[in-house]
Protein chains: 2
Amino acid sequence: MIEYKEWRHVFKLDPDKNINDEDLERICESGTDAVIVGGTLRVSFDNTIDLLARIRRFSVPCILEVSNVEAVVPGFDFYFVPLVLNAGNEYATLHHHTEGLKQYGSLVKWSEVAVEGYIIFNPQSEVAKLTGAKIPKDVEDVKALARLADQMLKLPIVYIEYSGAYGDPSWVQSVRSVIEQAHLFYGGGIKDGSQAAEMAKWADTVIVGNIIYEDIEQALKTVHSVKSLT
Amino acid sequence: MIEYKEWRHVFKLDPDKNINDEDLERICESGTDAVIVGGTLRVSFDNTIDLLARIRRFSVPCILEVSNVEAVVPGFDFYFVPLVLNAGNEYATLHHHTEGLKQYGSLVKWSEVAVEGYIIFNPQSEVAKLTGAKIPKDVEDVKALARLADQMLKLPIVYIEYSGAYGDPSWVQSVRSVIEQAHLFYGGGIKDGSQAAEMAKWADTVIVGNIIYEDIEQALKTVHSVKSLT
């Protein structure tokens, strides 16, 4: 059983990006709490199962963040299903989720699935463009979206997604201030240990992604920076 | 505290429709479990509060189904917030919910609010047109939408909305068959006691609406038909 509520630090690996065996081993053996497999574009069954097979050589928990129905691969420890709360186009409809359930609904082990209430903040990110995201303009927008996920929909996870840009810690703090029950993920633009530690002040779990592919040493340092916080 | 999970029969009154005092008294004193105030078009603060004041003369629980932010009236016993699972236009986005939370988010007593996962079945209904609903084509569509509400989103209520047309009991049975935790509402086109009893075989709560305005005697008979089921 995956206890994501106890995670403080997670690495996110993108099936569409290349990582050599040595770097992958260092990531998996870094002491991080889990590895999430997920991406926005060009995520397929094949590149997802390839990455799963390579991560499975290590004991770290391995979770799939489902980005499209074609790339649902069995054998992960847990599955996150994003629900983009501020999508503005057809990704705002529940059509994709419904289609997925049409295919897999009777097979899913729901004890291994959690819905993430995604709030997209970076208008330049691929996911913002894909989903036509309506970016929050002020702190009242931010709080309303957090309440939507946490109190109205009672989702188990709120995911602050800055994807590709380091976020505004004061907005993360604002989300934290209104959340009553959900677990809070922060992801986006973390490039070193101090940024990871800063976001870990407000987020329950900090997710480190792109820097893995740009500067593996800095990426690895984020584990200790977060884990050494009291 | 409202225990909607114990309801078997509910009347729904539309603020946009006229009902005289005598008929209103008969509805409220009928033995129904609750009266829901809700409609699709021309629901305003004024016509909602007028209806609330008239219903409040009686002891029946009175619940507001929030159809738009402008018509949120304090003083109801409980609030249902619809989330249309098969909407196809801007009503599919969570924009309206977010705007409502921007205005009222910090004031809401969440113990008095439940989200209804609405599935719209009648393409001719006003609500289907308003929300651009993608009507389920077959029983697999129906089950997928029920699983979306019940298992993926873990909403407390699934609402089968036939609004204006009597539904297919076999589809209601299909929804029943996949629901694991949600409370099941059925509403739409019930014109007499036998139809109410038929839907009450599968739905936890049967909601009787339009017939109130067309044939009050038949409407009143639905209470006994449902309540006398074992």
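Within every chain, numbering begins at 1; the chains are lettered A, B, ... in the order of the sequence lines, protein sequences first and strands thereafter. Everything quoted here is computed from the prediction, not taken from an experiment.
With contacts defined as side-chain heavy-atom distances shorter than 4.5 Å, the pair B:Leu94/A:Asn86 does not qualify. A 4.5 Å side-chain heavy-atom check between B:Lys134 and A:His95 finds at least one atom pair inside the cut-off. Using a 4.5 Å heavy-atom threshold, the side chains of B:Gln151 and A:Val108 count as separate. Within the 4.5 Å cutoff, no side-chain heavy atoms of B:Met152 are placed close to those of A:Val113.
Put simply, CG on A:Leu145 and NZ on B:Lys102 are 9.0 Å apart, with the number rounded to the nearest 0.5 Å. Here the CH2 atom belonging to B:Trp110 is positioned 11.5 Å from the CD atom belonging to A:Gln181, to the nearest 0.5 angstrom.
Interface remark: A:Lys143 contributes no atoms to any contact with chain B (heavy atom separation under 4.5 Å). Contact annotation for A:Asp138: only side-chain heavy atoms (C-beta onward) come within less than 4.5 Å of a heavy atom of chain B. Contact annotation for B:Asp141: both backbone and side-chain heavy atoms come within less than 4.5 Å of a heavy atom of chain A.
Within residues 68-80 of chain B, no residue has any heavy atom less than 4.5 Å from a heavy atom of chain A. Taking non-hydrogen atoms and a 4.5 Å limit, the residue list of residues 158-167 of chain A in contact with chain B is empty.
B:Leu155 and A:Leu153 make their closest contact through CD2-CD2, 4.4 Å (heavy atoms, listed as atom of the first residue, atom of the second, distance). Minimum heavy-atom separation, A:Ala144 to B:Thr98: CB-O, 3.5 Å.
For the set B:Gly88, B:Ala114, B:Gly105, the count of heavy-atom pairs under 4.5 angstrom toward chain A peaks at B:Gly105.
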